[in-house]
Peer 1: 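Can you read through this structure? Questions will come right after.
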Amino acid sequence: MSATLKSRPLRDGFRMPGEFAAHDGCWMLWPERTDNWRLGAKPAQAAFAAVATAIAATERVTLAVSARQFNNARAHLPARVRLVEMSSDDSWMRDVGPTFLIDRRGRRRAVDWEFNAWGGLDKGLYFPWDRDAAVAAKVCEVEGVDRYRAPFVLEGGSIHVDGQGTLLTTEECLLNPNRNPGLGRAELEALLANYLGIETVIWLGQGVMNDETDGHIDNLCCFVAPGEVCLTWTNDRRDPQYRISADAYERLASARDARGRRLKIHRLVQPGPLHMTKEEAAGIDHGGAAEPRRAGHRLAGSYVNFYIGNRRIVMPLLDRRRDAAAAAVLRRVFPGRQVVGVPAREILLGGGNIHCITQQVPRVSRPRR
């Protein structure tokens with residue numbers, strides 16, 4: 001059973017831990033939407049299966065899948081990946097799933113955010129989105145976790161925390177009028193404090209160029225440890241991404257976290273730039289997705305969009321010229337974890353990457369008696 005709580009997480013002593021803390025598992029959704037995933041979603045399904053398999057080596061993976069695709073998914077996944085039948089509109093568990101919280105008493109709860117498909121009727125990516133909006137509650141029911149229903153729109157990919165009171169986000173996304181038009185910066189900071197247990201918000205400007213989520217932070221910058229972040233980077237001053245990343249770097253360099261520390265910034269070179277090919281665009285059905293997929297469109301590729309697992313980092317392989325350099329940085333940043341690369345262009349073609357399709361379930365520490 002999963003109850004809907006009337007109080008607020010901060011008042012109850014709950015907070016969101018950093019992704020680098022220990023997990024009890026990870027949730028994903030199976031892709032099948034043919035107006036977003038090319039060739040009947042078969043290439044994307046192979047990529048999702050590879051990600052699930054890589055993560056499942058060190059923690060339990062639960063993959064939600066529609067009744068129509070259940071047997072197909074089972075045939076493509078190892079037995080250690082648990083399947084749960086669940087309807088959805090697409091496959092971005094980071095954004096439609098719950099954000100899990102923990103407290104000092106060894107309890108786990110979750111936040112169920114309002115979801116409007118990245119913009120609602122004002123530049124949202126598809127309609128309807130009612131099945132996606134119900135995913136978080138269903139995941140909480142399966143996990144047996146009570147949930148808080150947040151009174152504002154937010155996607156999990158728009159926030160990143162250090163587990164010690166600091167949150168990263170972008171102005172482009174959280175201050176976008178197509179999310180919460182009646183809320184300003186101060187009001188949002190207060191809500192984030194109440195629902196995630198954070199104290200300090202570090203606001204970056206824009207997200208990665210052409211990110212159709214309106215600049216999610218998890219494609220631009222992420223916490224890798226308390227006081228340390230990875231930032232997507234390019235040295236090419238002619239690339240529009242240079243200005244975006246340089247502005248983010250300046251903001252990060254001048255910021256202080258909730259404990260008064262300056263941040264250590266690891267620059268992670270971007271892939272490409274990458275563009276959708278004519279063949280890739282031709283394989284996508286025309287349907288209910290509002291975001292067109294056109295040949296030549298620049299893709300919002302980023303190596304920052306990786307998953308921090310218990311004993312391994314699962315990173316996207318996107319560009320043979322840059323994959324090895326990105327992996328080398330991640331090995332230095334995470335010396336205690338194995339860095340595993342998964343071919344992820346097919347995920348990128350759908351509008352996101354490995355972090356976007358995953359949602360960790362933090363481990364709770366039982367108090368000593």
Side-chain angles (χ1 to χ4, degrees), residues 1-6 8-9 16 26-37 41 48 62-69 84-101 109-159 169 173-174 176-183 188 191-192 194-196 211-218 287-291 350-352 355-361:
M1 292 290 292
S2 173
T4 303
L5 304 166
K6 301 299 183 183
R8 294 187 176 183
M16 181 183 179
C26 172
W27 275 81
M28 296 176 62
L29 280 162
W30 187 250
E32 61 177 287
R33 188 178 186 125
T34 59
D35 58 0
N36 191 52
W37 306 104
F48 275 57
T62 302
L63 199 150
V65 58
S66 71
R68 182 173 59 181
Q69 282 284 321
V84 173
E85 187 178 313
M86 187 181 299
S87 59
S88 64
D89 294 298
D90 205 352
S91 48
W92 306 104
M93 183 58 85
R94 179 67 52 178
D95 292 345
V96 304
T99 296
F100 289 98
L101 314 172
R109 291 179 180 173
V111 182
D112 179 358
W113 311 102
E114 290 186 14
F115 177 73
N116 73 349
W118 306 275
L121 299 180
D122 178 14
K123 299 181 180 179
L125 298 184
Y126 49 73
F127 177 87
W129 56 80
D130 55 304
R131 290 181 296 184
D132 272 353
V135 166
K138 293 177 181 179
V139 171
C140 290
E141 187 75 22
V142 173
E143 289 288 337
V145 172
D146 293 338
R147 64 190 176 101
Y148 301 92
R149 178 62 173 161
F152 63 109
V153 174
L154 186 135
E155 305 97 37
S158 69
I159 55 171
T169 192
C173 184
L174 256 62
N176 195 308
N178 66 9
R179 299 304 204 279
N180 300 289
L183 300 176
L188 283 167
L191 285 166
L192 292 168
N194 272 295
Y195 282 89
L196 295 171
D211 187 340
E212 62 193 43
T213 64
D214 298 312
H216 272 188
I217 192 69
D218 69 349
E291 185 68 20
H355 194 260
C356 305
I357 66 173
T358 53
Q359 181 61 271
Q360 70 275 3
V361 181

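When reading the values below, keep in mind they use all heavy atoms of this one structure, side chains included, and skip hydrogens, waters and symmetry mates.
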Peer 1: Could you check whether any side-chain N or O of Thr169 sits under 3.5 Å from a backbone N or O of Ser158, counting only pairs where one atom can act as donor and the other as acceptor?
Peer 2: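 Yes, Thr169 side chain to Ser158 backbone: donor-acceptor pair under 3.5 Å.
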Peer 1: Checking Ser88 now: which residues fulfil side chain to side chain donor-acceptor pair (under 3.5 Å) with it, not counting sequence neighbours?
Peer 2: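 For Ser88 there are no side chain to side chain donor-acceptor pair (under 3.5 Å) partners, ignoring immediate neighbours.
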Peer 1: For residues Ala150 and Val111, report the shortest heavy-atom separation together with the two atoms involved.
Peer 2: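 Taking Ala150 first and Val111 second, the nearest heavy atoms are CB-CG1, 3.9 Å.
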Peer 1: Go through the structure and list residues passing salt bridge (Lys or Arg N to Asp or Glu O under 4.0 Å) with Glu32, not counting sequence neighbours.
Peer 2: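 Salt bridge (Lys or Arg N to Asp or Glu O under 4.0 Å) list for Glu32, sorted by chain: Arg68.
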Peer 1: Restricting to ring pair (Phe, Tyr, Trp, His ring centres under 6.0 Å), what partner residues turn up for Trp37, sequence neighbours left out?
Peer 2: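 Testing Trp37 for ring pair (Phe, Tyr, Trp, His ring centres under 6.0 Å), a comparison that skips the adjacent residues, returns Phe48, Trp92.
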Peer 1: Applying side-chain contact (heavy atoms from CB on, under 4.5 Å), name anything that partners Pro151, two or more places apart in sequence or on another chain.
Peer 2: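 If we apply the side-chain contact (heavy atoms from CB on, under 4.5 Å) test to Pro151, skipping adjacent residues, the hits are Leu191, Tyr195.
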Peer 1: Restricting to pairs with a member in residues 127-140, which pass salt bridge (charged side-chain N to carboxylate O under 4.0 Å, His left out), not counting sequence neighbours?
Peer 2: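 Sorted pair list: Asp89-Arg131.
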Peer 1: Among all residues two or more places apart in sequence or in another chain, which pass the salt bridge (Lys or Arg N to Asp or Glu O under 4.0 Å) test with Arg109?
Peer 2: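 Checked Arg109 against salt bridge (Lys or Arg N to Asp or Glu O under 4.0 Å); matches are Asp12.
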Peer 1: Quick one: side chain to side chain donor-acceptor pair (under 3.5 Å) partners of Thr34, sequence neighbours excluded?
Peer 2: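 Residues passing side chain to side chain donor-acceptor pair (under 3.5 Å) with Thr34: Asp285.
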Peer 1: Nearest 0.5 Å please: distance from the CZ atom of Phe152 over to the CG atom of Asn116.
Peer 2: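 With rounding to 0.5 Å, CZ (Phe152) is 12.5 Å from CG (Asn116).
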Peer 1: Could you tell me which residues satisfy side-chain contact (heavy atoms from CB on, under 4.5 Å) with Ala117, sequence neighbours excluded, listed by chain and number?
Peer 2: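 Testing Ala117 for side-chain contact (heavy atoms from CB on, under 4.5 Å), a comparison that skips the adjacent residues, returns Phe115, Tyr126, Trp129.
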Peer 1: To the nearest 0.5 Å, tell me how far Asp122 CG sits from Asn176 CG.
Peer 2: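 Reported to 0.5 Å precision, the distance equals 7.0 Å.
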Peer 1: Provide the closest heavy-atom pair for Ala3 versus Asp146 in the form atom of the first, atom of the second, distance.
Peer 2: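 Smallest heavy-atom distance, with atoms named: N-OD1, 2.9 Å.
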Peer 1: With a 4.5 Å limit on heavy-atom distance, are the side chains of Leu125 and Glu212 in contact?
Peer 2: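 In short, these two side chains touch, coming nearer than 4.5 Å.
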Peer 1: Could you tell me whether the side chains of Gln360 and Trp27 share a donor-acceptor contact shorter than 3.5 Å?
Peer 2: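 The criterion, which ignores hydrogens and geometry beyond distance, is not satisfied for Trp27 and Gln360.
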Peer 1: Looking at every non-hydrogen atom in both residues, tell me the closest pair between Val145 and Ser2 and how far apart they are.
Peer 2: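 Val145 and Ser2 have their closest heavy atoms at O-OG, 2.6 Å.
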Peer 1: One pair to check against side chain to side chain contact (heavy atoms under 4.5 Å, CB included): Met86 and Val135. What are the steps and the verdict?
Peer 2: CA-CA 8 Å; Met86 187 181 299; Val135 166; 4.1 Å; yes
Peer 1: Among residues at least two apart in sequence or on other chains, which ones pass side chain to side chain donor-acceptor pair (under 3.5 Å) with Thr358?
Peer 2: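 Per chain and number, Thr358 pairs via side chain to side chain donor-acceptor pair (under 3.5 Å) with Arg94.
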Peer 1: Closest heavy-atom contact between Gly352 and Cys356?
Peer 2: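 Of all heavy-atom pairs spanning Gly352 and Cys356, the closest is CA-SG, 3.8 Å.
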Peer 1: Can you find a pair of side-chain heavy atoms, one from Val153 and one from Trp113, that are under 4.5 Å apart?
Peer 2: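 In short, these two side chains do not touch, never coming nearer than 4.5 Å.
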Peer 1: Would you please test Thr99 and Met16 for side chain to side chain contact (heavy atoms under 4.5 Å, CB included) and show each step?
Peer 2: CA-CA 8 Å; Thr99 296; Met16 181 183 179; 3.5 Å; yes
Peer 1: If you look at every heavy atom in Pro98 and Ala110, which pair is closest and at what distance?
Peer 2: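 It is CB-CB, 3.8 Å.
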Peer 1: Is there a side-chain contact between Leu192 and Leu154 (heavy atoms, below 4.5 Å)?
Peer 2: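 Side-chain contact under 4.5 Å: yes.
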Peer 1: Checking Asp214 now: which residues fulfil side chain to side chain donor-acceptor pair (under 3.5 Å) with it, not counting sequence neighbours?
Peer 2: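 For Asp214, the residues satisfying side chain to side chain donor-acceptor pair (under 3.5 Å) (neighbours in sequence not counted) are Asn178, Arg179.
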Peer 1: Could you work out, with side-chain contact (heavy atoms from CB on, under 4.5 Å) as the rule, every residue matching Arg149, not counting sequence neighbours?
Peer 2: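 Once residues adjacent in sequence are excluded, the partners of Arg149 under the side-chain contact (heavy atoms from CB on, under 4.5 Å) criterion are Thr4, Asp112, Glu114, Arg147.
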Peer 1: Below 4.5 Å, heavy atoms only, C-beta onward: do Gln359 and Val139 meet side chain to side chain?
Peer 2: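 No, every pair of side-chain atoms sits at 4.5 Å or beyond.
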Peer 1: Is any side-chain heavy atom of Val84 closer than 4.5 Å to a side-chain heavy atom of Leu63?
Peer 2: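 No. Closest side-chain heavy atoms not under 4.5 Å.
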Peer 1: Taking Glu155 for the side chain and Val96 for the main chain, is one N or O donor matched with an acceptor at less than 3.5 Å?
Peer 2: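 Absent.
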Peer 1: Are side-chain N/O atoms of Trp30 and Ser66 paired as donor and acceptor at under 3.5 Å?
Peer 2: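 There is no such pair between these side chains.
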Peer 1: How close do Met28 and Ile357 get, heavy atom to heavy atom, and via which atoms?
Peer 2: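 The answer is CG-O, 3.4 Å.
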